[in-house]
Amino acid sequence: MSANAGPQGSPAPLEPPVPTQKPIKTTGLHIGEAEPGCAKVDPILVVDNVRRTFGGLTAVDVAHVEVPRGAITALIGPNGAGKTTLFNLLTGFDKPDDGKWTFDGRSLAGVPAYRVARMGQIRTFQLTKALGLLTVMDNMLLGAKGQTGENMFRALMPFLWRNQEEENRAKALDLLTRFKLDTKKDDYAASLSGGQRKLLEMARALMSDPTLVMLDEPMAGVNPALTQSLLDHILNLKSQGMTVLFVEHDMHMVRHIADWVIVMAEGKVVAEGDPHEVMKNPAVIDAYLGQHHDEDIGEDLGAETENVSAIKELLDDER
Amino acid sequence: MDWGAIFSNAAVELISPTTAAYALAALGLAVHFGYTGLLNFGQAGFMALGAYGYAISILTFGFPVWGAFLVGVGASVVFALILGIPTLRLRADYLAIVTIAAAEIVRLLFTTNTFASVTGSANGLSGYKNEFAALNPLAEGSYGFGPFENNAYDTWLRIVAWSIVILAALLVWQVMRSPWGRVIKGIREDEDAVRALGKNVYAYKMQSLIFGGVLGTIAGMIFALPRAVVPSNYQTTLTFFIYAILLLGGAATVLGPIIGSMIFWVLLSFFSGFVARAVEAGWLPFMTAIQGGQLRFILVGVAIMLIVIFRPQGIFGNKKELAFVR
Ligand SMILES: Nc1ncnc2c1ncn2[C@@H]1O[C@H](COP(=O)(O)OP(=O)(O)OP(=O)(O)O)[C@@H](O)[C@H]1O
Ligand SMILES: [Mg+2]
């Protein structure tokens with residue numbers, strides 16, 4: 001599996017990276033200028049003219065965007081930019097007004113959500129969906145693909161699926177250990193904390209060995225001590241050959257692990273690029289602070305300090 | 001006061017075919033509501049299809065018992081498809097509205113005079129028992145002991161009815177502990193999450209609707225064998241009694257519906273015997289015998305309320321689950 005597209009594609013390390021290790025960035029992903037909708041060397045997801053309106057509001061209106069294979073791409077943008085809506089559209093959970101998109105060269109327009117998932121494009125939800133009255137282990141087992149015992153008639157004959165079940169169980173336990181949830185495996189998922197549910201949802205998504213993992217705010221509500229290990233998990237996915245597309249508001253995290261950043265505002269892709277370059281793009285600052293931020297400065301002291309700190313965070317160099 | 005008669009009449013209900021029928025119908029609802037989260041308020045409709053499918057097949061078409069059985073099952077599969085195709089893609093409450101209406105439509109179709117020659121309209125159907133009785137391997141005579149003593153036909157009926165209940169319970173138990181059951185329970189918790197994991201939720205919901213509906217239909221046949229098929233038996237109240245049994249026993253359990261049905265019928269018989277004799281003995285001077293007949297339902301209602309208040313997860317439900325009820 002040659003996953004990394006860039007010339008400096010990272011050699012797949014067998015061990016998960018230690019927290020202190022600096023992530024190896026994949027570069028050389030795009031062709032030509034790093035501008036909105038620019039072509040990628042090896043795109044896994046190609047979106048064309050996807051539009052979704054809610055009444056008079058245009059939530060998503062993406063002319064063209066490509067997500068590079070084998071890299072970690074961050075999708076950022078202010079609240080209400082349309083990131084979650086775009087996720088829903090791309091995974092079949094919502095229907096666009098029009099537009100088409102392909103995953104791995106196959107058109108996904110009109111494909112139901114469960115088929116999208118079976119093709120290897122797995123998502124998580126911004127509002128976590130743990131299956132509360134199932135145990136953590138059962139949550140994990142649900143994620144496994146191609147289970148013989150999920151057919152109603154074969155379910156009656158345990159000898160047909162017992163071995164597969166044991167294999168899945170071992171795999172689930174391995175993933176749970178990596179996400180530090182193994183001690184909780186027999187508890188109801190409803191008993192987990194919010195952050196633990198985020199972890200469970202991510203671990204569950206990995207049970208199916210996806211090609212593209214789409215994470216909607218994986219860090220929201222996760223304790224900072226755990227953030228680092230989650231970052232490692234995500235980096236680890238890349239080294240295993242998976243492609244990651246994630247939505248995140250935490251700029252430090254974006255800078256830290258993303259190989260590529262796509263910026264959305266008011267439904268459109270307004271900027272793309274390398275995480276360090278893109279933050280300096282005026283379109284991004286506009287997107288976060290509003291078009292008329294120059295005029296606003298000085299008018300309202302509270303807003304000003306907020307803006308200043310936001311800009312500071314955006315321009316903050318990597319520590 | 002003849003307490004002996006009251007208790008022995010109540011004990012009769014413990015293994016009566018009607019108790020078995022209600023247990024089986026409640027087991028079907030456990031599949032729908034307890035395990036899958038489908039709000040089926042039309043279980044009476046499934047039962048009516050079983051009863052009429054069986055009776056009409058024998059009386060009008062002269063089918064053998066197994067043929068009549070298959071007709072009833074087939075009718076309920078078609079009924080489940082008609083209910084499920086338009087509604088299972090929608091929110092859960094739509095199924096509730098559609099099933100309650102569809103069950104009433106079924107009952108009214110069997111009541112209307114238009115088809116009286118086949119359905120017997122409001123008078124219903126009878127005289128379809130000989131075929132089933134002919135299969136009885138038991139010799140003439142009396143079987144059992146005490147309140148459980150019955151003639152050969154009634155014993156045969158009880159054996160068949162409870163064998164079916166046990167078989168169905170084993171079937172439900174087995175599928176619910178399989179990966180299929182895991183998907184089904186996942187759908188109850190959050191169907192979008194299950195969809196995101198690559199499961200065809202719509203197909204699973206349809207399978208569940210058919211499975212539970214067929215159990216309801218077979219229950220309808222068992223229910224019809226000790227009596228006549230009368231349309232007024234299949235009103236919405238029947239569905240509500242079955243829901244009461246389900247909640248009494250525990251919604252997502254296998255034993256719950258069965259024990260729940262036993263408790264329900266024993267209590268009902270006990271109160272009805274008690275109230276009738278209390279009125280006779282003049283203990284309740286403000287009440288006529290007819291009012292007494294209604295009082296038993298009130299008393300059963302109170303008893304069920306007490307159980308639900310003090311044991312809300314049902315008799316067999318898992319107490320731990322309750323800590324997380326949303
Ligand atoms: N079901 C809906 N009905 C009406 N409007 C909606 C719906 N879903 C989203 N919207 C609107 O679409 C816009 C984009 O919403 P979306 O959830 O995609 O934003 P987002 O970029 O994910 O924001 P956040 O960072 O806060 O999660 C918002 O203005 C929102 O109000
Ligand atoms: Mg969002």
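Lettering follows sequence order; numbering is per chain, from 1.
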Enquirer: Establish, yes or no, whether a centroid distance under 6.0 Å links the rings of B:Tyr54 and B:Phe69.
Expert: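 Not close enough - the centres of the two rings lie 6.0 Å or further apart.
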Enquirer: Could you have a look at B:Ala193, B:Gly198, B:Ala203 and say which one has the most heavy-atom pairs with chain A under 4.5 angstrom?
Expert: B:Gly198
Enquirer: Above 12 or not: heavy atoms from other molecules or residues under 6.0 Å from CE of B:Met305?
Expert: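 No, not enclosed.
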Enquirer: Is it the backbone or the side chain of A:Asn168 that comes under 4.5 Å from a heavy atom of chain B, or both, or neither?
Expert: neither
Enquirer: Tabulate, in ascending numerical order, the residues of residues 85-100 of chain A having at least one heavy atom closer than 4.5 Å to a heavy atom of chain B, or enter 'none'.
Expert: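 Against chain B, the residues of residues 85-100 of chain A that fall inside the cut-off (heavy atoms, under 4.5 Å) are A:Phe93.
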Enquirer: Which atoms of A:Ala189 are under 4.5 Å from chain B, going by heavy atoms: the side chain, the backbone, both sets, or neither?
Expert: neither
Enquirer: Would you please indicate yes or no on a ring centroid separation below 6.0 angstrom for A:Tyr114 and B:Tyr202?
Expert: no
Enquirer: Would you mind telling me which of A:Met152, A:Glu165, A:Arg154 has the largest number of heavy-atom pairs within less than 4.5 Å of chain B?
Expert: A:Met152
Enquirer: In terms of side-chain heavy atoms, does A:Thr124 have a donor or acceptor partner in A:Glu201 at a distance below 3.5 Å?
Expert: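 No.
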Enquirer: Distance-only, no hydrogens or angles: does the B:Thr36 side chain make a donor-acceptor pair with backbone N or O of B:Val31 under 3.5 Å?
Expert: yes
Enquirer: Find the one option among A:Arg123, A:Gln147, A:Lys129, A:Glu150 whose heavy-atom pairs under 4.5 Å with chain B are most numerous.
Expert: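 Ranked by heavy-atom pairs under 4.5 Å with chain B, first place is A:Glu150.
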Enquirer: Can you tell me if CZ on A:Phe54 sees more than 12 non-hydrogen neighbours from other groups inside 6.0 Å?
Expert: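 More than 12 heavy atoms, drawn from other residues, nucleotides or ligands, come within 6.0 Å of this atom.
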Enquirer: Kindly check if the number of other-residue, nucleotide or ligand heavy atoms within 6.0 Å of CZ (A:Arg169) is above 12?
Expert: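 Above 12, so yes.
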Enquirer: Working note: B:Gln207 + B:Trp180, criterion side chain to side chain donor-acceptor pair (under 3.5 Å); need CA distance, chi angles, decisive distance, verdict.
Expert: CA-CA 10 Å; B:Gln207 290 167 15; B:Trp180 185 86; 2.7 Å; yes
Enquirer: Are the side chains of B:Val106 and B:Phe46 in touch, meaning some heavy atoms are under 4.5 Å apart?
Expert: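 Heavy-atom side-chain distance check fails, nothing below 4.5 Å.
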Enquirer: Between A:Arg204 and chain B, which part of the residue has a heavy atom less than 4.5 Å away: side chain, backbone, both or neither?
Expert: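 It is both, since atoms from each part get that close.
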Enquirer: Taking the inter-plane angle between the rings of B:Phe241 and B:Phe264 on a 0 to 90° scale, is it parallel (under 30°), tilted (30 to 60°) or perpendicular (over 60°)?
Expert: tilted
Enquirer: Do you know which of A:Ala117, A:Gly149, A:Gly143, A:Pro112 has the most heavy-atom pairs under 4.5 Å to chain B?
Expert: A:Gly149
Enquirer: Taking every non-hydrogen pair under 4.5 Å, which of B:Val183, B:Val175, B:Val201, B:Asp192 racks up the most with chain A?
Expert: B:Asp192
